[in-house]
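Below is one structure, written out as structure tokens; the observations come after it.
Predicted model only: the values in this text are computed from it and were never measured.
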Amino acid sequence: MEEYAIELQGVTKSFGSVLANDHVNLTLKKGEILAILGENGSGKTTLMNMLSGIYFPDEGTIRINGKEVVIRSPRDAFELGIGMVHQHFKLINVFTAAENIILGLEGKNILSRRDMEKEVAEKIRQIAEKYGFDIDPYQKVYNMSVSQKQTVEIIKIIYRGADIFILDEPTAVLTPQETKKLFAVLRNMQEAGKSIIIITHKLNEVLEISDRVAILRKGKSIREIRTSGAVAEFLTEMMFEGKTFLDINRSEPEDRGVRISMEGVSVRAADGVLKLDNVSFKVSAGEILGVAGISGSGQKELVEAIAGLQKAETGKIVYYPPEGEAKLLSSMAPSEISKTGVKLAFVPEDRLGMGLVGSMDLTDNMMLRSYNEGKGFFADRRAPRELAEDVVKKLEVVTPGVNTPVRRLSGGNVQKVLVGREIASSPTVLMVAYPARGLDVSSAYTIYNLLNEQKEAGAAVICVGEDLDVLLELCDRIMVLSGGKLTGIVDARSASKEDIGMLMIGEGMKQ
């Protein structure tokens, strides 16, 4: 008889009029890796947040190791041996790995008992050796890569004695090499008897790492199937209730002239750290230029420098309009760039921090692009409302209506609103950072094809991405950054993931 680490029966959760989980049934066997699939708004993260103690179910039962339990807080979850690694890490930057790992544990006050650090570091090293982690217990978080921060989060859960692990989009910003390393660690954890749940939108990873797949659709549990023998097309059909056409219609680029030229640009952060180091490249109208790199390699600074949000310490950025004289962007503020008639649409990495205002509804967020087009003291709300309704319809945004505050939407639906608004401005230069982050497969492909439509309309598209499979399928060329330096620009039609991965770690492509 099979033993279960988790059994959910009839679990339901509502937020106002929105039914996030509708009598969901789910099982996780002991010592297995279970992948959870579902479109945006299907209730995956909500369900996991109930297991980790962030939300409390309206009805239904939860059994852990065969015993019915009540989970009212993250502390309850930890005491039951459940730990969750969220997509956005919960670490304190100025603390070391060891300090973050023991933070909050009873009897381990890091501020008054520094003498414990050596003992803690030794235990961390033992955990790392057992499962295959690579970690320096004394390294500060602010000096870590995304992969290293993720390692700290996982070890923090192991240190606390967890046997059940929930990972939300664990490979979202990892290189192919880092993903392989993570999967090796997860298999070691599985062999040690740990039970693991992974939420991901990457079907190839589901097929590679999981033993079973649980599929949610519109808040309901649809099916649990063994991964062996399953194919991506079948999983997609189960997620979307029928066949979904998933194909990026990449057209051949036309030579329509250079739109943006960056020459020897360096950008330094407020703390004095050089984030972009002597970078030069050109992007033409009618092409998609991908930007790849380990998180924090200068991608954010590159697109923000073009948008006028970061000042270049050296070098120059020039915009060549379809008609008229070239314009030096690197000497202008964002408002000045707008007044020159340069059309830059920018989808930032931090969608709620920089892209949208969470407390404002969809219509008002659309109006952020056009408020200064009103007459006198009155802003035109009709056009923004029509745009909001069009974005909701075209991108299938799950929302009670356009008057709903954006912060009440799921992360994937927030992303749809932001991308839809920016594309609607018909830019001559479109910059997007992680445009499909948090989106289900179907929604992501809708965004990719919208980017291709902008390319065909003559826009120069710069796309910062994390999924190399997508960049290779979507882009015409891919520029790779490593530690703020440009390590190469490759033809997306002929390069491989391994080639790009080597450039991302600054090693150069294998000959």
Q | E389, CD: over 12 other non-hydrogen atoms inside 6.0 angstrom | A | yes
Output for pair (I423 CD1, L418 CG), nearest 0.5 Å, gives 9.5 Å
Interatomic distance, CG@D476 vs CD1@I478, rounded to 0.5 Å, equals 9.5 Å
NE2 (H23) and OG1 (T12) are apart, to the nearest 0.5 Å, by 4.0 Å
Using modelled atom types and a 3.5 Å cut-off, is there a donor and acceptor pairing between side-chain atoms of N49 and backbone atoms of Y55? no
side-chain contact (heavy atoms from CB on, under 4.5 Å) with M366: of D390, L387, L356, only one passes, and it is L387
Heavy-atom nearest pair, A495 first then V490, reads CB-CG2, 3.7 Å
The residue among E224, E32, E7, R63 that forms side-chain hydrogen bond (donor to acceptor under 3.5 Å, both in side chains) with T27 is E224
If we count only N and O atoms by modelled type, under 3.5 Å, do the side chains of D499 and S496 hold a donor and an acceptor together? yes
Q. Under 6.0 Å from the NZ atom of K485, do we count more than 12 heavy atoms belonging to anything else shown?
A. no
Are side-chain heavy atoms of I6 and L34 found at a separation under 4.5 Å? no
Between the CD1 atom in I155 and the CD1 atom in I157, the distance rounded to the nearest 0.5 Å is 11.0 Å
CE of M479 to CD of Q299, rounded to nearest 0.5 Å, is 9.0 Å
**Request:** Kindly indicate whether the side chain of V185, heavy atoms from C-beta on, has any atom under 4.5 Å from the side chain of T151.
**Result:** no
Open item on the list: Just so I know, are the side chains of L235 and V206 near enough to count as touching, which here means a heavy-atom distance under 4.5 Å?
Closed with: yes
- request: Evaluate the criterion side-chain contact (heavy atoms from CB on, under 4.5 Å) for residue pair L395 and T446; output intermediate values, then yes/no.
  value: CA-CA 7 Å; L395 298 183; T446 298; 3.6 Å; yes
What one should report as the nearest heavy-atom pair of N25 and G10 is OD1-N, 2.8 Å
Item to complete: Answer yes or no: is there a donor N or O on one side and an acceptor on the other, between the side chain of T46 and the main chain of G43, under 3.5 Å?
Response: no
| message | Apply side-chain contact (heavy atoms from CB on, under 4.5 Å) to residues N452 and S251 and explain how you reach the verdict. | response | CA-CA 8 Å; N452 203 51; S251 57; 3.9 Å; yes
Check E252 with R493, please: is the shortest side-chain N to carboxylate O separation under 4.0 Å?
yes
With no hydrogens and no angle check, is any side-chain donor or acceptor of Q190 less than 3.5 Å from a backbone partner on I196? no
Result for side-chain contact (heavy atoms from CB on, under 4.5 Å) between M48 and one of I166, I54, D168 points to I166
Side chains of P427 and E422: closer than 4.5 Å at any heavy-atom pair? no
**Prompt:** Taking NZ, NE, NH1 and NH2 as the nitrogens, is one of them in D134 or K181 under 4.0 Å from a carboxylate oxygen of the other?
**Reply:** yes
query = Does any N or O in the side chain of K497 come within less than 3.5 Å of the main-chain N or O of D469, such that one atom is a donor and the other an acceptor?
reply = no
(Q) Is it the case that the side chains of H86 and E153 hold a donor-acceptor pair, with the cut-off being a distance below 3.5 Å and no angle test? (A) no
| Flag, side chain of S195 to backbone of G31, donor-acceptor distance under 3.5 Å | yes
Subject >> Atom NZ of K218 with >12 non-hydrogen neighbours under 6.0 angstrom >> reply: no
- [ ] I would like to know whether T227 and L207 meet side-chain contact (heavy atoms from CB on, under 4.5 Å); could you show each step before the answer?
- [x] CA-CA 6 Å; T227 307; L207 297 171; 3.9 Å; yes
Taken to the nearest 0.5 Å, the spacing of F183 CZ from E208 CD works out to 5.0 Å
Query raised in the report: Is there a donor-acceptor pair under 3.5 Å between the side chain of R250 and the backbone N or O of C475?
Result: yes
Closest heavy-atom pair, L47 versus L26, reported as atoms and distance to 0.1 Å, is CD2-CD2, 4.0 Å
### Query
With a cut-off of 6.0 Å (strictly less than), are more than 12 heavy atoms of other residues, nucleotides or ligands near CD of E129?
no
For P74 and G53 the tightest heavy-atom approach is CD-O, 3.4 Å
*Would you say M84 and L51 make side-chain contact, with heavy atoms under 4.5 Å?*
no
query = Taking K275 for the side chain and G484 for the main chain, is one N or O donor matched with an acceptor at less than 3.5 Å?
reply = no
>> Are L472 and I500 packed together at the side-chain level, in the sense that at least one heavy-atom pair is separated by less than 4.5 angstrom?
In response: yes
**Report entry** Test side-chain contact (heavy atoms from CB on, under 4.5 Å) applied to I248 and N449, step by step
**Finding:** CA-CA 6 Å; I248 297 176; N449 285 318; 4.2 Å; yes
Heavy atoms of K13 and F56 approach each other most closely as NZ-O, 2.9 Å
With a 3.5 Å distance limit and no angle check, can you tell me whether D76 reaches the backbone of I71 through a side-chain donor-acceptor pair? no
Next on the checklist: Has Q454 got a side-chain atom pairing as donor or acceptor with L430's backbone, closer than 3.5 angstrom?
Outcome noted: no
Residues S221 and V24: closest non-hydrogen pair is OG-CA, 3.8 Å
Of I209, T179, D467, the one forming a side-chain contact (heavy atoms from CB on, under 4.5 Å) with T171 is T179
Check: Is there a donor-acceptor contact under 3.5 Å from the side chain of R259 to the main chain of V283?
Finding: no
Task: Minimum side-chain heavy-atom gap I158-M189 below 4.5 Å - done: yes
Side chains of M238 and I225: does their closest heavy-atom pair fall under 4.5 Å?
no
